[in-house]
Amino acid sequence: MMKKYLKDYLKKITGRDDIIIDMPPNPNMGDYSSAVAFQIAKERGDNPVNVAKGIVAECNKCLPERIDKITTMGPYINFFINTELYAKSVLQMIFEQDESYGMLESKNQRVIVEHTSVNPNKPLHMGAARNSILGDCIARVLRVAGYEVEVENYIDDLGIQFAEVFWGIIKEGDNADEKYDHFLGKLYIRVHEQMNPEIEEDIKKLNKELEDPSSKNAKLARSVVERCVASHLESLNALNIGYDVLVWESGIVHAGLFDETFRRLRKSKDIVLEKDGPLEGCLVMKLGRIFPNMKNPDKVLIRSDGTPTYTAKDIALQMWKFGLLDKDLKYRKWDENTMTSSLDGEAFDFGNADIVINVIGSEQSYPQEVVKLSLKLLGYDKQSENSFHMAYEFVTLPNDSFSGRRGTWIGYTLDDVINAGREKAIDELDRRRPELSDIMKQKIGNALAIGSIRYNIVRYAPEKKIVFRWEDALNFEGDSCPYIEYAHARCCSILKRAKGKRTPSYRYEHQKERELIKTLSQLSGVVELAARDKRPHYITKYANETAIAFNSFYNELPVLKSEQVDDRLALVDATRIVLANCMRLIGIEPLEEM
RNA sequence: GGGCCCGUGGCCAAGUUGGAUAUGGCGUCGGCCUUCUAAGCCGAAAAUCCCGGGUUCGAAUCCCGGCGGGUCCGCCA
């Protein structure tokens, strides 16, 4: 907000629209800075140092109230802002908006975020958890950034991977003696251990059969998928992750959404029915024009036997998300907070999005590109532009990848990591806070475990591969969830001890105070960028910076025993609010003590 | 063959709409609990920002060419 003010101010002085306001490397050099003098000097063939001096001289003719001093340092222009006015405006805004501080004004746009969408045949491992955590965080960020957000989980109940495990159920029976998704995951490994061409053929037949909802196995299959999904949602719910709606692949197909999409696709001139050649009888999307160097530029949408490919179904799903189809899904309640698509349900206002974000691994960027492109080929330019693939890299083991078939996920499921996290957190509490009641230890330990798992995933940029290591995944020191929580708990602890009404003067002289205020003022800017770039790690970064600024302040300056108790308490309270708001954006429960 | 992503102190990362002395964490070394929570704070050592060219007053950041790692390019799912 100060940056924008300074930008407008410099625009008035220089007449330029492209001014970037930075921060100087050292706070002694000023609060904000600009390097415009370089640009102007270049255009005029002048010396940037003189240009900067000229601008500052112009500014100094009539300095606005909010700016104390403007100086040059070589060609750089540095601003020293009026701390009293600045502190007052920042802190008052924080207190006034409280939990809404950082929230941006409504964009009047609906965003669908699809995330998780894991095959219902095994438990979630940490790679899948990265998807859900990133998706949940970006959904939280977008809500605060002023979007109406609808969170969707796509259930691939017609995929071959499910058919494989279902074949195992038919053969071995449905006798789960542990959490259902874990049971299925291990069964899936056993199926692959005995896999041969004959079994493969059986499974294909079974898969085909399951597409018909009236077939003899369809009912059992549906209940198996539902139990697996319920198992997944139980783990995810523990991580504070929820959904507005579950969309079933079978729903998309049986409600006729796919057929409608198929009819539309046939009308596009870039999508043709091959009359001869190796793809005879297939409906093919011609991509050679856009991807000229592709080994195989023809993307099959409908196979010669009339069945749709994955990509074709994804196009139908994307069309539904944007509300481009005449037909619609029906829904019923899944649980307290979540609806599910259902053939015998009722109409509901899901879909019809302005923007669609699909959180899917980066290995799928080509099919996602095809989906985006297909909307363009169908004439939906705006929807194509508003289709975003939020890509992220794998989580791997130090020497292996997570594989469902080979079962390398065993020992590294989300449930395993949550349990280990709780155990570790409670051990720490036993050591550090022996006087706490067991109930409090459970509560705090759980929040720290969940928070740490989430924090240690989101803090990496999505395009970075993560190697899973226990000491990183459950790191409690340094740049970590407990570090943020700790700063927050310290704020709460001080505030609990403070008595009486506060009447701050907003006079802050100390460098640590000024730094902290400056940091606190930046939340909404960070939210804006995180939403724009779809990069939730900006939030963890900022939360960490805020906690650093606070801890540094805390260690150097007394609050309750200071002459300026009221001013310092105001800072502590404002920090508490900002940290809590950051934690909510990351999906971490703010703790008042730990 | 081509597309996309990654390469930053011993390790892990941030920074990539060009801007001042490259920022954190882990680890190492040295300090700080008789004052608001030491899961903390202060300080030190530690970097050819993968390599080579180019553009620019200025490059970790942009362009070209390499190298190394990952991934994708099936009528699979």
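Each chain gets a letter, A, B and so on, in the order the sequences are listed, and its residues count up from 1.
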- prompt: What does nucleotides 26-40 of chain B look like as a protein-contact string, B for base, S for sugar-phosphate only, - for none, at under 4.0 angstrom between heavy atoms?
  reply: S--------SBBSBB

- prompt: Mind checking what makes side-chain contact (heavy atoms from CB on, under 4.5 Å) contact with A/Cys492, not counting sequence neighbours?
  reply: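 Partners of A/Cys492 by the side-chain contact (heavy atoms from CB on, under 4.5 Å) criterion, ordered by chain and then number, come out as A/His488, A/Arg576, A/Glu592.
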
Output yes when [X] and [Y] qualify as a salt bridge under the 4.0 Å nitrogen-oxygen rule, no when they do not.
X: A/Lys122; Y: A/Glu164; answer: no
X: A/Arg431; Y: A/Glu428; answer: yes
X: A/Arg130; Y: A/Glu393; answer: no
X: A/Lys496; Y: A/Glu593; answer: no

task: Report yes if at least one side-chain N or O of A/His537 is closer than 4.0 Å to OP1 or OP2 of B/G15; otherwise report no.
output: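 The answer is yes; a side-chain N or O of A/His537 sits under 4.0 Å from OP1 or OP2.
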
Donor-acceptor pair, side chain of A/Tyr76 and main chain of A/Thr71, under 3.5 angstrom: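 Side chain of A/Tyr76 to backbone of A/Thr71, a donor-acceptor pair under 3.5 Å: no, none is there.
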
Rounded to whole angstrom units, what separation is found between the [atom1] atom of [X] and the [atom2] atom of [N]?
X: A/Asp22; N: B/A20; atom1: CG; atom2: P; value: 8 Å
X: A/Lys512; N: B/C41; atom1: NZ; atom2: P; value: 10 Å
X: A/Met29; N: B/U21; atom1: CE; atom2: C1'; value: 9 Å

query: For A/Phe38 and B/G19, are the ring centres under 5.5 Å apart with planes inclined under 30°?
result: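 By the stated criterion, A/Phe38 and B/G19 stack.
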
- request: Could you say whether the aromatic ring of A/Tyr76 and the base of B/A20 stack, counting only centre distances under 5.5 Å and plane angles under 30°?
  value: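 A/Tyr76 vs B/A20: stacking yes.
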
field: Side-chain touch A/Lys518/A/Tyr32, heavy atoms, less than 4.5 angstrom
entry: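 A/Lys518 reaches A/Tyr32 side chain to side chain.
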
message: Using the P atom as the point on both nucleotides, what is the distance between B/A60 and B/A77, in whole Å?
response: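 To the nearest whole Å, 49 Å.
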
Given B/U56, B/A14, B/A20, the nucleotide with the shortest approach to the side chain of A/Lys541: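 For A/Lys541, the side-chain atoms sit closest to B/A14.
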
Every protein N/O lying under 3.5 Å from an N/O of nucleotides 5-9 of chain B:
from	atom 1	to	atom 2	distance (Å)
B/C5	O2'	A/Glu463	O	3.4
B/G7	OP1	A/Lys464	NZ	3.2

field: Residue closer to the 5' end of RNA chain B, A/Glu280 versus A/Ile466 (nearest nucleotide)
entry: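 It is A/Ile466 whose nearest nucleotide is closer to the 5' end.
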
Contact nearer the 5' end of RNA chain B, comparing A/Asn119 with A/Arg532: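 Its nucleotide being nearer the 5' end, the pick is A/Arg532.
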
